[in-house]
Amino acid sequence: MKFIISSTYMLKNLQTLGGVINTNNTMPILDNFLFELNHNSLKISSSDLETTMSAKLDVESHDEGEIAVPARLLLETLKAFPEQPLTFHKLDNHTIEISSEQGKYALAYANAEDFPSPVSIEDASETVLVGDILATAINKTIFATGNDDLRPVMNGVFFRFTEEALIFVGTDAHKLVKYARTDIKTDKPAEFIMPKKPLNLLKGVLLGSEEEVQIEFNESNAKFSFENVELTCRLVDGKYPNYEAVIPQENPNILTIDRALFLSSVRRVSIFSNKTTHQIRLKIAGAELNISAEDLDYSNKAEERLTCDYQGDDLTIGFNSKFLTEMLNNLTSDDIKIKMSLPNRAGILTPVDGLEQGEHITMLVMPVMLGNQ
């Protein structure tokens with residue numbers, strides 16, 4: 001088994017695949033990349049049992065064969081090479097030899113038969129999305145997902161395909177983001193929950209890509225295929241919470257403000273907030289927004305005034321500044337709207353501009369109850 005490949009081409013693909021590999025695998029074989037050579041095509045796979053990712057690379061070869069190669073050692077070796085052709089040659093003494101312009105390097109390999117087989121998706125439903133649209137949907141929702149092992153359904157992003165729109169939702173019960181595309185529809189309604197790790201891998205590869213991504217899924221697994229890459233993962237098992245029920249419908253108090261100005265102010269004032277609650281107070285009256293924070297334990301406090309456009313009754317409401325900052329950072333619009341009803345009801349944050357045709361973003365942030373400071 002022998003093949004020739006460009007060092008930087010191989011490294012670029014392996015760095016993507018390496019994102020699947022855990023640092024503390026229970027099975028030693030999972031510390032390897034699986035190489036499957038079929039003449040001029042080399043398929044390389046990585047797996048953590050839950051997620052498997054593979055890429056097909058063009059190589060020069062007349063051979064066939066398969067082996068498992070130590071991932072970390074190979075990545076470190078490739079990083080040290082300038083761009084050049086490398087020759088990989090499987091030897092009889094259970095090593096694979098890499099020949100470069102500089103010298104020769106031998107790595108011990110493992111048996112390919114020990115590598116877990118990829119999951120085949122039976123009775124799959126299918127849909128197709130442009131890569132950048134999928135990456136944007138992930139980007140806009142994944143930050144709002146939870147990290148609670150007791151509620152695994154909230155640790156992933158909810159995909160919902162309907163005849164009216166494609167909807168993606170992330171929530172951790174304190175904040176919620178719903179990203180919808182009404183310009184993309186599907187004939188067969190479907191829904192599933194994607195775990196975070198494969199989403200981050202997809203986001204990294206697909207951002208800015210105009211390639212079509214084929215999505216196949218059944219009740220337990222999903223597969224994403226594009227260009228030379230395939231990613232298969234186990235879905236999160238369970239029923240997603242009814243997110244529509246927590247979005248308040250009546251919100252008569254509407255604040256419109258410059259996003260960058262508001263974000264800067266929230267960042268400065270939040271430095272003086274309580275380090276446990278991260279609570280900041282918004283007091284809105286007329287065209288004036290007063291943002292304040294206080295940490296009674298250390299006698300620290302801050303206050304800023306901004307001019308805004310506001311329609312509604314005078315209102316004082318508390319929010320967690322960390323959540324507010326994350327949401328404002330995640331938007332690209334010049335102006336944002338915050339719709340509110342009462343100090344104990346969630347605020348709804350939406351961008352005023354900067355969206356594509358058919359693109360809709362709704363962010364919901366739960367209030368922090370204010371003490372009588």
Heavy atoms from other residues, nucleotides or ligands near [atom1] of [X] exceed 12 (cutoff 6.0 Å):
X: E83; atom1: CD; result: yes
X: E64; atom1: CD; result: yes
X: K140; atom1: NZ; result: yes
X: D237; atom1: CG; result: no
X: K197; atom1: NZ; result: yes
X: K203; atom1: NZ; result: yes
X: D187; atom1: CG; result: no
X: K275; atom1: NZ; result: yes

Examine the side chains of [X] and [Y] and answer whether a donor and an acceptor come within less than 3.5 Å of each other.
X: N218; Y: D123; answer: no
X: K196; Y: N147; answer: yes
X: S292; Y: E294; answer: no
X: Q102; Y: Q84; answer: yes
X: T87; Y: S99; answer: no
X: N329; Y: R267; answer: yes
X: D309; Y: Q311; answer: yes
X: N290; Y: E303; answer: yes

Nearest non-hydrogen partners of [X] and [Y], listed with the distance:
X: G170; Y: T145; value: CA-CG2, 4.0 Å
X: N251; Y: A346; value: OD1-O, 4.5 Å
X: E216; Y: A124; value: CB-CB, 4.1 Å

Are [X] and [Y] side-chain neighbours, meaning at least one heavy-atom pair lies under 4.5 Å?
X: S273; Y: D295; value: no
X: F319; Y: V266; value: no
X: Y310; Y: T256; value: no
X: I254; Y: I338; value: no
X: T171; Y: V177; value: no
X: P248; Y: M340; value: no
X: L328; Y: F262; value: yes
X: L74; Y: L14; value: yes

Candidate pair L129 and L166, rule side chain to side chain contact (heavy atoms under 4.5 Å, CB included), full reasoning
CA-CA 10 Å; L129 265 182; L166 299 192; 3.4 Å; yes
What do you reckon, are the aromatic ring centroids of F217 and F224 less than 6.0 Å apart?
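Ring centres of F224 and F217 not closer than 6.0 Å.
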Decide if the gap between the ring center of F168 and the ring center of F158 is smaller than 6.0 angstrom.
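Centroid distance F168-F158: not below 6.0 Å, so no.
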Take T182 and H360, measure what side chain to side chain donor-acceptor pair (under 3.5 Å) needs, and give me the verdict at the end.
CA-CA 8 Å; T182 51; H360 304 271; 3.2 Å; yes
Pair [X] + [Y]: basic N to acidic O under 4.0 Å:
X: E304; Y: R268; result: yes
X: K322; Y: E326; result: no
X: R181; Y: E356; result: yes
X: D63; Y: K90; result: no
X: R234; Y: E50; result: yes
X: K43; Y: E66; result: no

Spatial distance of atom [atom1] ([X]) from atom [atom2] ([Y]) [nearest 0.5 Å]:
X: L349; Y: L176; atom1: CG; atom2: CG; result: 12.0 Å
X: I5; Y: T8; atom1: CD1; atom2: OG1; result: 9.5 Å
X: I193; Y: L235; atom1: CD1; atom2: CG; result: 8.5 Å
X: I44; Y: S54; atom1: CD1; atom2: OG; result: 10.0 Å
X: E230; Y: T52; atom1: CD; atom2: OG1; result: 10.5 Å

Side chain to side chain contact (heavy atoms under 4.5 Å, CB included) between D132 and L206: does it pass, once the steps are laid out?
CA-CA 6 Å; D132 190 54; L206 292 172; over 6 Å; no
Which is it for V365 and N320 under the side chain to side chain contact (heavy atoms under 4.5 Å, CB included) test, yes or no, and what are the steps along the way?
CA-CA 8 Å; V365 58; N320 181 315; 5.7 Å; no
Assess whether side chain to side chain contact (heavy atoms under 4.5 Å, CB included) is satisfied between M363 and K175, documenting all intermediate values.
CA-CA 7 Å; M363 297 182 166; K175 57 187 182 294; over 6 Å; no
Starting from the C-alpha separation in whole Å, work towards a yes-or-no answer on ring-ring contact (aromatic ring centres under 6.0 Å, His included) for Y105 and F81.
CA-CA 12 Å; Y105 321 84; F81 284 124; 5.4 Å; yes
Out of curiosity, does I291 fall in the hydrophobic cluster containing L324 (side-chain heavy atoms, cut-off under 4.5 Å, transitive links)?
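Yes; I291 is reachable from L324 via cluster members.
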Is a side-chain donor or acceptor of D258 paired with a backbone partner of A260 at a separation under 3.5 angstrom?
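Pair found, side chain donor or acceptor close to backbone of A260.
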